[in-house]
Amino acid sequence: MEKRTDGFLINKGEQEKDFIFGTRAVMEAIHAQKDIDKILLDKDVNNELTKELLALAKAERIPVVRVPDAKLNRITRKNHQGVIAHMSAIQYASLDNVIETCFSSGIAPLILVLDRITDVRNFGAIARTAECAGVHAIVIPEKGAAQINSDAVKTSAGALNHLPICRVKNLYYTVKDLQKMGLQVVAVSEKGDKMMYEADFSIPTALIMGSEEDGISPELMGLSNDFIKIPMKGNIESLNVSVSAGVVIYEAIRQRG
């Protein structure tokens, strides 16, 4: 890791800016419209400048996580002043624009909604499959999602440079909006009440994949129009989420011809 004169830290030989530190440096990055995944803020720091930063982050819908100073020190031993911002390696897309473009082109949207998938490698693998299959966008929440950094881009084999990623404040209301726009919502889980082959993926569809720890949240499950599972013949009850996503995505592509 090497330090630039503007306060950015970058991996040697790479262009992605992994994080910046220092209260004013982070505020300047926000003003400059840099894509920031999240801000880590020392839980014991509370001054006027911090309040200004919090107000700015709220206005720009940037997640802020209060953490112990020890966690910040593990990221960098430089004078971070209790503030570190993780930078995104991509530019986020507008979900409304993606859907509008699909419909105006006569295409049935196929959207992938990821509920609390935090593992960077799983996320990268899902993005790679989604881009190869022609999924129109991946939707992730502002909080509780994998950080989109250089590791995620590498794992995706560069797919994240081509596939629209839409970051939203609240998955529940976003899924409701997708339904209002004419998409069916299909939840994928080993607890599904019918096989994936029984679902109709030829129509506008949003697929929901849940975290490996506890699956899809009950709130999103309650919104789903369909609840499907992948057939399992072995002794292990479930697949890795990136593999599950690939299986269901390609069933959707098969049905679409």
Side-chain angles (χ1 to χ4, degrees), residues 10-11 13-18 35 37-38 86-95 97-99 101-102 105 107-142 144-168 171 174 178 183 185-190 196 199 201 204-213 215-216 220 228-232 236 238-257:
I10 61 173
N11 288 327
E14 295 184 11
Q15 295 301 312
E16 290 84 12
K17 305 175 184 70
D18 288 321
D35 280 307
D37 264 342
K38 64 181 175 181
H86 284 288
M87 309 302 290
S88 175
I90 65 165
Q91 185 173 359
Y92 293 105
S94 163
L95 181 57
N97 288 347
V98 171
I99 301 298
T101 299
C102 288
S105 303
I107 298 170
L110 179 60
I111 306 297
L112 193 58
V113 179
L114 303 185
D115 179 22
R116 295 165 300 132
I117 292 177
T118 57
D119 185 273
V120 170
R121 290 179 175 81
N122 275 339
F123 177 76
I126 290 170
R128 181 175 184 174
T129 301
E131 201 284 328
C132 288
V135 169
H136 298 108
I138 290 179
V139 179
I140 60 173
E142 287 183 358
Q147 183 190 342
I148 303 181
N149 54 18
S150 54
D151 285 340
V153 174
K154 284 180 181 177
T155 307
S156 76
L160 286 168
N161 293 320
H162 305 284
L163 175 67
I165 306 297
C166 307
R167 187 172 68 173
V168 299
L171 281 184
T174 297
L178 287 171
L183 280 72
V185 175
V186 180
V188 182
S189 167
E190 71 275 9
M196 65 178 186
F201 293 119
T205 301
L207 290 169
I208 304 180
M209 307 297 304
S211 71
E212 291 196 87
E213 286 73 23
I216 299 170
L220 293 183
I228 64 169
K229 60 184 176 183
I230 298 169
M232 304 292 292
I236 299 175
S238 64
L239 297 168
N240 172 277
V241 65
S242 65
V243 176
S244 295
V247 170
V248 178
I249 287 169
Y250 271 95
E251 169 58 18
I253 298 307
R254 184 193 68 81
Q255 289 190 20
R256 292 176 176 220

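Source: prediction; values computed, not measured. Throughout, numbering of the chain's residues begins at 1 and tracks the sequence.
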Does the side chain of [X] reach to within under 4.5 Å of the side chain of [Y], using non-hydrogen atoms?
X    : Y    : result
E212 : D119 : no
L114 : V241 : no
I140 : I148 : yes
I99  : L183 : yes
D35  : I90  : no
L178 : L95  : yes
T118 : S211 : no

Short question: side chain of [X], backbone of [Y] - any donor-acceptor pair under 3.5 Å?
X    : Y    : result
R167 : D37  : yes
H136 : I111 : no
R256 : F201 : yes
Q255 : A199 : yes

Hey, could you give me the [atom1]/[atom2] distance between [X] and [Y], rounded to the nearest 0.5 Å?
X    : Y    : atom1 : atom2 : result
I138 : I165 : CD1   : CD1   : 4.0 Å
I228 : E190 : CD1   : CD    : 12.5 Å
E131 : I249 : CD    : CD1   : 11.0 Å
I208 : I216 : CD1   : CD1   : 5.5 Å
N240 : N122 : CG    : CG    : 4.5 Å
N97  : C166 : CG    : SG    : 8.5 Å

Between [X] and [Y], what is the shortest heavy-atom contact and its length?
X    : Y    : answer
Q147 : M87  : NE2-O, 4.2 Å
L163 : V135 : CD1-O, 3.2 Å
I117 : I126 : CD1-CD1, 4.0 Å
P141 : A145 : O-CB, 3.6 Å
V188 : M209 : CB-SD, 3.6 Å
T155 : R121 : CG2-O, 3.3 Å

